[in-house]
Amino acid sequence: MKYTRSNDRTATGPAASFTGTVYVDGLRAPDGQSAVGCGHVRFTPGARTAWHHHPKGQTLYVTDGIGLVATRAGGVQEIRPGDVVYIEPGEEHWHGATADRFMAHVAIQEADDNGQVVTWLDHVTDDEYSAAQGARS
Ligand code: MN
């Protein structure tokens with residue numbers, strides 16, 4: 001058994017992969033024993049990931065606030081605490097806070113044979129973000 005106290009420094013999401021201020025607490029990184037990676041991600045209002053996809057899919061569990069998850073195919077969902085979102089392998093998407101609320105989720109994803117859990121694409125533009133705010137269901 002390994003016990004980690006809650007005293008590690010919270011990381012900030014890198015500007016190459018996020019818009020706005022995002023805080024990430026890692027829960028586990030994939031290693032030789034298990035390919036599962038997991039983190040708790042906090043988005044400040046207006047913050048969001050870039051477009052991206054996951055080789056083995058991803059499960060999100062919303063823990064706080066109000067957020068959005070959108071797919072390249074055009075679907076937009078408003079997400080709230082207790083909601084669970086499963087994103088299929090290779091499905092292009094982004095997730096983040098709404099413009100005026102924080103949002104936090106636990107993110108669970110499995111690494112592929114190369115140890116990768118995500119492929120990052122282009123940033124979500126302000127126009128795309130604004131459109132998603134209006135289109136959420
Ligand atoms: Mn994702």
Side-chain angles (χ1 to χ4, degrees):
M1 182 169 154
K2 183 178 173 185
Y3 177 76
T4 305
R5 286 192 183 279
S6 179
N7 56 5
D8 283 348
R9 178 180 296 235
T10 295
T12 50
S17 310
F18 296 90
T19 298
T21 303
V22 177
Y23 298 99
V24 182
D25 290 308
L27 302 183
R28 96 173 300 284
D31 57 21
Q33 195 172 59
S34 168
V36 173
C38 185
H40 192 213
V41 188
R42 296 179 173 96
F43 298 82
T44 58
R48 66 269 191 182
T49 69
W51 288 101
H52 63 284
H53 56 87
H54 304 278
K56 300 285 192 177
Q58 181 180 50
T59 299
L60 303 177
Y61 176 64
V62 183
T63 55
D64 187 53
I66 304 175
L68 299 169
V69 58
T71 67
R72 195 79 90 168
V76 182
Q77 287 290 329
E78 183 177 280
I79 52 177
R80 290 171 177 264
D83 290 353
V84 175
V85 182
Y86 176 68
I87 295 134
E88 296 282 351
E91 186 174 23
E92 294 187 15
H93 70 287
W94 60 266
H95 25 112
T98 51
D100 47 11
R101 290 295 298 267
F102 286 76
M103 188 276 286
H105 63 53
V106 173
I108 306 159
Q109 51 278 320
E110 191 179 337
D112 64 13
D113 291 342
N114 298 316
Q116 298 301 307
V117 298
V118 59
T119 298
W120 292 106
L121 304 169
D122 46 312
H123 279 95
V124 176
T125 66
D126 288 344
D127 284 348
E128 288 174 317
Y129 184 70
S130 294
Q133 298 273 331
R136 59 181 139 161
S137 54

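Keep in mind that this is a model prediction, so the values were computed, not measured. Along the sequence shown, residues are numbered consecutively beginning with 1. What's counted below: heavy atoms across the whole structure, side chains too, no hydrogens, waters or symmetry copies.
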query: Does E92 reach the side chain of L121, with side-chain heavy atoms less than 4.5 Å apart?
result: yes
message: Let me check something: do V117 and W120 share a hydrophobic cluster, defined by ILVMFWY side-chain heavy atoms less than 4.5 Å apart, either directly or through other members?
response: yes
field: Under 3.5 Å: donor-acceptor pair, side chain of D31, backbone of Q33
entry: yes
Nearest-0.5 Å distance, CG of residue D25 to OH of residue Y23: 11.0 Å
field: pair Q133-T98: side-chain heavy atoms closer than 4.5 Å
entry: yes
query: Just by modelled atom types, is the H52 backbone N or O under 3.5 Å from a matching donor or acceptor in the H93 side chain?
result: yes
- prompt: Is there a side-chain contact between Q77 and T71 (heavy atoms, below 4.5 Å)?
  reply: no
- prompt: If you take all heavy atoms of T19 and V124, which pair is closest and at what distance?
  reply: OG1-O, 4.2 Å
message: Side-chain heavy atoms nearer than 4.5 Å, only ILVMFWY residues, links allowed to pass through others: does that put V24 and V85 together?
response: yes
- prompt: Taking a hydrophobic cluster as the set of Ile, Leu, Val, Met, Phe, Trp and Tyr residues connected by side-chain heavy atoms closer than 4.5 Å, whether directly or through intermediates, do V22 and V62 fall within one such cluster?
  reply: yes
- line: P89 and P55 have their tightest heavy-atom pair at CB-O, 3.3 Å
message: Which heavy atom of D83 sits nearest to which heavy atom of E78, and what is that distance?
response: OD2-O, 4.0 Å
task: Decide yes or no for H54 and V118: does some side-chain heavy atom of the first lie under 4.5 Å from some side-chain heavy atom of the second?
output: yes
- request: Could you pull out the closest heavy-atom pair between A107 and L60, with the gap in Å?
  value: CB-CD2, 3.8 Å
message: With no hydrogens and no angle check, just 3.5 Å: does a side-chain donor-acceptor pair link E128 and W94?
response: no
- prompt: How long is the span from the NE2 atom in H40 to the CG atom in L27, to the nearest 0.5 Å?
  reply: 8.0 Å
statement: Residues P81 and G65: closest non-hydrogen pair is CD-O, 3.0 Å
query: Is there a donor-acceptor pair under 3.5 Å between the side chain of H53 and the backbone N or O of I87?
result: no
query: Can you name the nearest heavy-atom pair linking V76 to A132, along with the distance?
result: CG1-O, 3.5 Å
task: Determine yes or no for a side-chain-to-main-chain donor-acceptor pair under 3.5 angstrom, with R48 supplying the side chain and G46 the backbone.
output: yes
- request: Spell out, as yes or no, whether a donor-acceptor pair under 3.5 Å connects the side chain of T44 to the backbone of T21.
  value: yes
Spatial distance of atom CZ (F18) from atom OG1 (T12) [nearest 0.5 Å]: 9.5 Å
- request: Could you walk me through whether V41 and F43 pass the side chain to side chain contact (heavy atoms under 4.5 Å, CB included) test, one step at a time?
  value: CA-CA 7 Å; V41 188; F43 298 82; 3.6 Å; yes
message: If we ignore hydrogens and angles and just use 3.5 Å, is the side chain of T59 paired with the main-chain N or O of I108 as donor and acceptor?
response: no
message: I'd like to know if F102 and L68 are part of one continuous hydrophobic network [Ile/Leu/Val/Met/Phe/Trp/Tyr, side-chain heavy atoms within less than 4.5 Å].
response: no
- prompt: Heavy atoms, side chains only, cut-off 4.5 Å: are Q58 and H95 in contact?
  reply: yes
